[in-house]
Amino acid sequence: MRDNAPNSWETRADSFSLYGFTDLPSVRRRGAVVLTHGEGPYVVDVHGKRYLDANSGLWNMVAGFDHPGLAAAAKAQYDRLPGYHAFFGRLSDQTVMLSEKLVEVSPFPRGKVFYTNSGSEANDTMVKILWFLGWAEGHPERRKVLTRVNAYHGVTAVSASMTGKPYNRVFGLPLPGFIHLTCPHYWREGQEGESEEAFTQRLARELEATIIKEGPDTIAGFFAEPVMGAGGVIPPSAGYFQAIQQVLRRYGIPLVADEVICGFGRTGNVWGCQTYDFVPDAIISSKNLTAGYFPMGAIILGPELADRVDAAAEKFDEFPHGFTASGHPVGCAIALKAIDVVMNEGLIDNVRRLTPAFEAGLARLAEHPNIGEWRGKGFMGALEMVKDKATKTSFDPKVAISERIANRCIDEGLICRPLGQGIVLCPPFIITEAHLDEIFAKLERAMTDVFAEVG
Ligand SMILES: *Cc1c(COP(=O)(O)O)cnc(C)c1O
């Protein structure tokens with residue numbers, strides 16, 4: 001609970017830190033949680049209280065908070081070459097090795113990689129790549145971007161325009177030309193008597209109708225997360241990507257998989273597109289790419305887009321884009337180690353091994369009359385709260401049901417995330433059965449208390 005002394009961590013945090021994506025009434029009342037260090041999947045605050053972080057930080061700290069190999073890789077690279085850019089034909093050996101590695105582990109037979117500092121910048125850059133292709137290939141009108149309602153693609157002006165969340169209206173976004181299609185959430189969006197397959201087909205028809213209405217030659221690309229993350233953990237309806245890709249191919253529109261959350265193991269395979277059995281034209285990676293130990297994003301272009309971008313760059317003598325820290329040698333060294341840790345130290349295997357227990361825990365809690373559905377894939381899961389299960393009626397937003405539950409979890413020493421009227425869990429890949437038991441026991445106590453209070 002908050003310490004109101006003028007020199008307390010809580011007061012100092014309030015005084016000088018502008019909180020982003022933070023429920024201000026909660027933080028004013030309870031105080032910010034100020035952290036000092038981590039131990040495996042736990043973080044510890046300035047008061048010495050330990051929290052099991054069932055959200056892996058922000059989906060990304062998949063190897064936990066004290067992995068010695070990752071810290072050592074960072075230290076070794078800081079001692080060799082602590083920073084460099086990737087402009088003017090100069091780049092670090094780590095950057096060369098990471099690009100090679102990313103193409104090797106991608107679903108593409110060959111391809112090319114470009115680096116950013118974040119997932120938002122990677123999506124932004126991908127849009128600029130598509131616009132660049134439009135310019136070079138004589139189709140400058142190909143500028144519109146298709147995404148879905150509830151999609152999360154980031155916060156820069158372009159990636160926020162791709163994000164399909166209502167809060168972006170406070171910024172006057174989306175920009176013109178960013179179009180949001182129906183969210184492929186069958187439980188919420190399926191119509192009375194409509195089968196899941198029919199729902200999927202309806203969304204494919206909606207996509208085609210939108211392409212025709214807007215003009216196929218005005219559309220630069222379609223972006224999708226294999227499983228929507230910040231939209232509330234929404235796996236696609238059955239056959240969704242096959243149906244969508246068929247339509248996109250008919251019109252020559254690239255499909256970009258935003259694998260910022262799904263990539264590197266979250267769904268039980270290296271890529272979410274492998275879990276859903278499709279091969280996109282490009283992949284966006286970030287978050288798990290460095291296991292959260294360095295800010296970094298990457299765009300992996302498949303063979304066709306890589307060739308087209310090469311040709312476009314030849315035409316102009318360069319691809320005029322890049323960030324000062326694109327391909328940062330320390331970030332690349334950490335990413336190389338993180339990929340090795342996730343793929344070869346048994347982390348993905350652990351996700352697969354514990355997924356049945358994770359799902360069983362979610363399913364058990366979903367028996368409660370105030371939980372409308374559980375959903376998830378691999379180590380990403382959500383519980384959707386409802387006031388009335390039969391009619392799927394949500395709670396009054398004023399009740400702030402998910403914030404109350406998440407705050408009660410904090411009291412219990414568990415970090416989980418309120419999202420809309422859902423609670424999201426995405427634990428680090430290093431957890432054990434005992435950690436899962438701890439997560440579900442604490443969450444159940446918190447939910448039982450809060451549901452009793454709100455009646
Ligand atoms: C987090 C996220 C982003 C944005 O990444 P940042 O590093 O926060 O800019 C983009 N896409 C998806 C799917 C994400 O989850």
Side-chain angles (χ1 to χ4, degrees), residues 19-22 55-62 114-129 145-165 167-168 171 173-174 178 180 183-185 221-236 241 255-267 270-273 275-276 280 282-300 323 325-328 331 334-335 338 376-382 417 419-420 422 424-428:
Y19 300 121
F21 285 124
T22 294
N55 279 135
S56 308
L58 212 41
W59 313 86
N60 55 349
M61 304 296 297
V62 296
F114 196 90
Y115 297 101
T116 67
N117 308 299
S118 69
S120 301
E121 291 168 342
N123 279 312
D124 227 292
T125 296
M126 188 66 221
V127 170
K128 283 184 72 179
I129 286 174
V145 175
L146 303 177
T147 61
R148 293 90 49 80
V149 173
N150 288 326
Y152 187 85
H153 297 295
V155 297
T156 54
V158 160
S159 64
S161 296
M162 297 161 69
T163 290
K165 299 277 215 164
Y167 53 71
N168 279 316
F171 304 108
L173 296 173
F178 289 80
H180 300 103
C183 175
H185 186 190
F222 180 97
F223 287 67
E225 303 152 84
V227 179
M228 289 175 145
V233 181
I234 303 172
F241 281 103
L255 168 59
V256 180
D258 182 345
E259 297 260 10
V260 169
I261 286 176
C262 294
F264 294 108
R266 182 57 73 185
T267 65
V270 176
W271 304 107
C273 60
T275 298
Y276 290 98
I283 284 178
I284 307 298
S285 179
S286 189
K287 292 196 168 97
N288 304 5
L289 173 61
T290 55
Y293 281 57
F294 199 87
M296 180 172 223
I299 296 136
I300 312 171
F323 300 93
S326 286
H328 194 288
I334 294 172
K377 198 73 183 176
F379 260 17
M380 52 197 300
R417 176 159 174 205
L419 247 173
V424 163
L425 300 175
C426 48

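Counting from 1, the numbers follow the sequence of the chain as shown. Atoms within a ligand are numbered from 1 in the order they appear, just like the ligands themselves.
Using a 4.0 Å cut-off between heavy atoms, H153 contacts ligand 1 through its backbone alone, with no side-chain atom that close. If you look at I284 next to ligand 1, there are no close heavy atoms at all, none under 4.0 Å.
Just one residue in the list S286, C426, C262 forms a side chain to side chain contact (heavy atoms under 4.5 Å, CB included) with W59, and that residue is C426.
Remark: ligand 1 atoms within the under-4.0 Å shell around heavy atoms of I261 are 15 (O). When each atom of ligand 1 is checked for a heavy atom of E225 under 4.0 Å away, the hits are 13 (C). Every atom of ligand 1 with a heavy atom of S120 under 4.0 Å away is listed here by number and element: 4 (C), 5 (O), 6 (P), 9 (O). Which parts of ligand 1 touch N123 is read off a 4.0 Å heavy-atom cut-off, strictly below it: atoms 10 (C), 11 (N).
When atom types are taken as modelled, the side chain of T163 and the backbone of H153 share a donor-acceptor pair closer than 3.5 angstrom.
Distance from atom 6 (P) of ligand 1 to its nearest protein heavy atom, with residue and atom name: G119 N, 3.5 Å. In this structure, atom 15 (O) of ligand 1 lies nearest to the protein heavy atom K287 NZ, 2.6 Å. Counting only heavy atoms of the protein, atom 12 (C) of ligand 1 lies nearest to Y152 O, 3.3 Å. Here the heavy atom of the protein found nearest to atom 11 (N) of ligand 1 is D258 OD2, 2.8 Å.
Taking all atoms of both residues into account, the shortest heavy-atom contact from E259 to C273 is OE2-N, 2.9 Å. Taking both residues in full, the closest heavy atoms of S285 and V260 are given as C-CG2, 4.2 Å, listed atom of the first, atom of the second, then distance. Nearest heavy-atom pair across R266 and S56 is NH2-OG, 3.1 Å.
Relative orientation of the F241 and Y276 rings is tilted, given thresholds of 30° and 60° on the angle between their planes.
Atom-to-atom distance recorded for R148:CZ and F222:CZ is 5.0 Å, nearest 0.5 angstrom.
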